[in-house]
Amino acid sequence: MDVKTEDFEDVKPTASRKRAANNSDDEADEDYGPGASASKPKKVKKEEKPAVKSKTKAQPKAAARSKNVKVEPTASPDKKKTKRELAREQEQKEVWKWWEEEKTNDGKKWKTLEHMGPVFAPEYEPLPKHVKLVYDGKEISLSENTEEVAGFYAKMLLHDYTSMDVFNKNFFKDWRKVMTPKERELITDLGKCNFQKMHAYFTDQSEKRKARSKEEKQKEKAENEKLVEIYGYCTIDGHKEKIGNFRIEPPGLFRGRGQHPKMGMLKRRVQPEDVIINCSKGSKVPVAPKGHKWKEVRSDNEVTWLATWTENIQGQIKYVMLNPASRLKGEKDWQKYEKARKLHTIIDRVRENYTNDWKSKEMKIRQRAVAIYFIDKLALRAGNEKDSDESADTVGCCSLRYEHVKLHEQKDDLENVVEFDFLGKDSIRYQNSVSVEKRVFKNLKLFMENKNEGDDLFDRLNTSILNKHLQDIMEGLTAKVFRTYNASRTLEEQLNLLTKEDDNVAAKLLAYNRANRAVAVLCNHQRAVPKNFSQQMERMSEKIENKKKDLKEANKQLKDAKQQAKNSRSTTVASNVEKKKKAVERIKEQLHKLELQATDKDENKDIALGTSKLNYLDPRISVAWCKKYDIPIEKVYNKTQRQKFMWAIDMAGPEFEFIE
DNA sequence: ACTTCGACTTAGGACCGGCCGA
DNA sequence: TCGGCCGGTCCTAAGTCGAAGT
């Protein structure tokens with residue numbers, strides 16, 4: 001995939017200058033039609049600037065302000081408010097504006113922390129007696145544990161995983177471990193196992209679930225809400241905040257990504273005895289489920305997790321942590337973007353620096369300089385080493401190997417082209433050909449001399465060396481900051497480039513999506529092309545064709561009407577012309593909108609926008625853009641996103657610039 | 001130095017429920 | 001009314017990176 005900015009420069013042709021007279025599917029948009037904006041009270045910006053570095057501004061921490069009841073904008077005395085505005089205010093009302101509070105910087109993450117502990121997976125419910133595994137043609141009854149694990153497999157029967165050797169091998173090995181000796185003696189060949197009946201049973205169960213009555217569904221929903229109300233929140237420094245994942249992962253078969261050597265292994269059930277609880281000293285300690293006790297209860301306020309356990313597949317530590325909308329996460333997020341902006345203030349020097357280092361006498365420094373160049377230019381990840389028999393073979397910048405790059409003195413009219421082809425995080429393929437500076441090219445040639453497949457490209461370099469160097473350039477600078485920086489910067493630049501002042505909302509949103517897409521391409525955020533995509537596309541173009549026909553027909557009718565009008569002075573005929581004119585306009589609009597949709601859909605088929613939106617793009621850029629062009633924020637951020645980015649929505653005005 | 005551990009962010013896919021058009 | 005689609009949410013794997021351990 002090519003990171004070509006040109007792709008985004010000629011966004012024009014589809015952009016409409018016309019205001020949609022009735023863009024019907026612009027949900028509840030009456031509020032924002034032309035004219036509505038006039039009555040919209042400009043959100044009065046708080047006295048203080050969106051102030052970036054003033055986070056340490058000493059503010060009397062009046063207890064009163066912690067509830068932050070929204071101050072009515074004085075500018076809009078009565079003014080009937082639109083529904084959306086009311087909703088938006090409601091959204092803000094209960095919010096604790098932590099971003100206006102004083103920051104402490106002592107490594108302490110909280111003063112008090114109280115919660116109810118995690119929720120464990122429901123206990124296993126044995127299958128009805130008649131649902132059996134068929135082994136070698138004979139039905140057999142399994143012990144509870146064996147049956148449960150068999151069930152995990154049976155549920156996945158239609159998944160690709162079950163056709164993979166590694167998966168099957170790992171599964172069978174672990175399955176046998178839970179079998180009784182008798183079962184183990186009998187069941188020796190996975191190929192002889194027929195899980196169909198179990199599978200059919202599960203399918204049937206889920207059908208039945210779907211078919212439950214409305215009342216039943218309601219009831220269940222209410223029960224779930226009750227559970228969430230109890231376990232889904234904690235109290236941290238006196239504020240009730242949402243927990244991110246309060247449910248402990250249920251047992252199942254490990255689904256590693258890519259060619260994972262451990263796929264199919266049994267992920268065992270986590271017990272309270274595995275779980276460490278973190279909460280403050282004086283608080284009510286969560287009660288372990290009946291008959292159980294916690295592994296440990298501690299009170300460590302230098303960490304943000306509420307509970308932790310170690311998973312059995314890779315020995316990784318898992319945590320229960322707060323929701324992204326929480327202060328703890330939000331503050332960190334904000335800091336992340338501030339760090340990226342700080343990088344901007346020295347980016348020229350950084351680039352000059354590594355450019356100079358390309359000619360260093362020292363090999364290590366040259367490698368470092370080329371690596372940083374890749375990280376900066378291509379937004380590659382740092383690339384820590386990984387254990388190859390514990391995980392899929394994926395790489396990042398520092399762990400690139402000989403076979404991942406090809407050098408071409410000449411390729412497609414370009415000189416000094418480096419062709420990348422490797423699997424990155426989540427085994428997502430990175431393919432890109434870039435023309436690089438002569439010096440970089442020569443260096444790469446040098447690094448690859450006398451190397452073979454399997455050899456590290458940067459043999460004198462690792463992420464620790466690289467980050468240490470970055471640290472010397474700027475406090476807190478690490479490889480990932482470049483990704484954040486370049487992503488956010490790209491968004492801002494593309495928005496400036498693509499947004500046309502007099503486009504309508506839909507067209508502006510297409511511009512936004514395109515800017516977002518430029519970032520996703522840069523960061524290589526891919527997704528599987530949706531099933532049936534081509535059919536969906538076909539259907540859309542069919543619709544478009546039909547619309548075109550409609551347009552033709554409407555035009556014809558208009559012409560006829562005009563003709564008639566010429567020969568008659570009747571007013572009804574004249575008004576008929578007007579009517580037909582309007583019809584043509586309307587159809588044109590609809591057609592245009594369909595075409596926009598189709599373009600958007602097609603350009604988006606294998607690109608995931610969500611990841612960058614959530615993790616790389618300074619939300620203040622989007623907020624500022626919305627405010628500047630009078631786009632309702634909910635067109636860009638859904639409810640969850642608005643909660644996560646509340647701080648940005650509140651503090652960024654239309655004048656905010658990521659790059660100042 | 002090099003490895004492992006611990007905490008935290010980033011990631012794509014599964015799943016679910018509501019909505020929309022046939 | 002029903003199936004397919006779509007956005008939102010959930011889920012948890014897979015990264016990053018600093019610190020501790022050897």
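Nothing here was measured: the structure is a model prediction, and the numbers come from that model.
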Under 4.0 Å, counting only non-hydrogen atoms across every strand here, what does A:A479 touch: a base, just sugar-phosphate, or nothing?
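A:A479: backbone/sugar contact only, no base atoms under 4.0 Å.
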Sugar-phosphate only, base, or nothing, as touched by A:S391 at under 4.0 Å among non-hydrogen atoms:
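Touches nothing.
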[X] side-chain N/O to [N] phosphate OP1/OP2 under 4.0 Å:
X	N	answer
A:Q316	B:dG6	no
A:Y616	B:dA11	yes
A:S464	C:dC17	no
A:T463	C:dC17	no
A:K217	B:dG17	no
A:K332	B:dA7	no
A:N615	B:dT9	no
A:N638	C:dG7	no
A:T611	B:dG12	yes
A:K329	B:dC8	no
A:Q526	B:dA11	no
A:N467	C:dC17	yes

Nearest whole Å is fine: how far is [N] [atom2] from [X] [atom1]?
X	N	atom1	atom2	answer
A:I317	C:dT12	CD1	P	18 Å
A:K242	C:dG8	NZ	C1'	12 Å
A:K613	C:dG7	NZ	P	11 Å

Look at the side chain of A:K318 and the base of C:dT12, then say whether one donor and one acceptor between them are separated by less than 3.5 Å.
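Between C:dT12 and A:K318, which were checked side chain against base, a qualifying N/O pair under 3.5 Å is absent.
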Going by number, which of residues 254-268 of chain A have a non-hydrogen atom under 4.0 Å from DNA chain C?
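Contacting residues: A:F254, A:R255, A:G256, A:R257, A:H260, A:K267.
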Toward the 5' end of DNA chain C, which comes first, A:K425 or A:G476, by nearest nucleotide?
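Looking at DNA chain C, the more 5' nearest nucleotide goes with A:K425.
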A:H525 or A:E302, whichever maps to the more 5' nucleotide of DNA chain B:
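Upstream on the strand: A:E302.
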Go nucleotide by nucleotide along DNA chain B from the 5' end; which of A:L614 and A:K221 gets its closest nucleotide reached first?
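Looking at the nearest nucleotide for each, A:L614 comes out on the 5' side.
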Distance-only polar pair, side chains of A:T394 and A:K386, donor-acceptor under 3.5 Å
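There is such a pair (donor and acceptor under 3.5 Å, judged by atom type) between the side chains of A:T394 and A:K386.
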Using distance alone, with no hydrogens and no angle criterion, decide if A:S612 and A:N516 have a side-chain donor and acceptor under 3.5 Å apart.
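Checked: A:S612/A:N516 side chains pair up, N/O donor to acceptor below 3.5 Å.
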Could you work out which one of B:dA7, C:dA14, C:dG15 sits closest to the side chain of A:D426?
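Looking only at heavy atoms from C-beta outward on A:D426, the closest nucleotide is C:dA14.
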Hey, what are the protein-to-nucleotides 2-6 of chain C N/O distances that come in under 3.5 Å?
from: C:dC5; atom 1: OP1; to: A:R539; atom 2: NH1; distance (Å): 3.4
from: C:dC5; atom 1: OP1; to: A:R539; atom 2: NH2; distance (Å): 3.4
from: C:dC6; atom 1: OP1; to: A:Q536; atom 2: OE1; distance (Å): 3.4
from: C:dC6; atom 1: OP1; to: A:K601; atom 2: NZ; distance (Å): 2.7

Can you tell me how far the CH2 atom of A:W305 sits from the CG atom of A:L328, to the nearest 0.5 Å?
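If I round to the nearest 0.5 Å, the distance is 13.5 Å.
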Carefully, step by step, assess A:D376 and A:Y354 under the rule side chain to side chain contact (heavy atoms under 4.5 Å, CB included).
CA-CA 10 Å; A:D376 182 25; A:Y354 65 60; 2.7 Å; yes
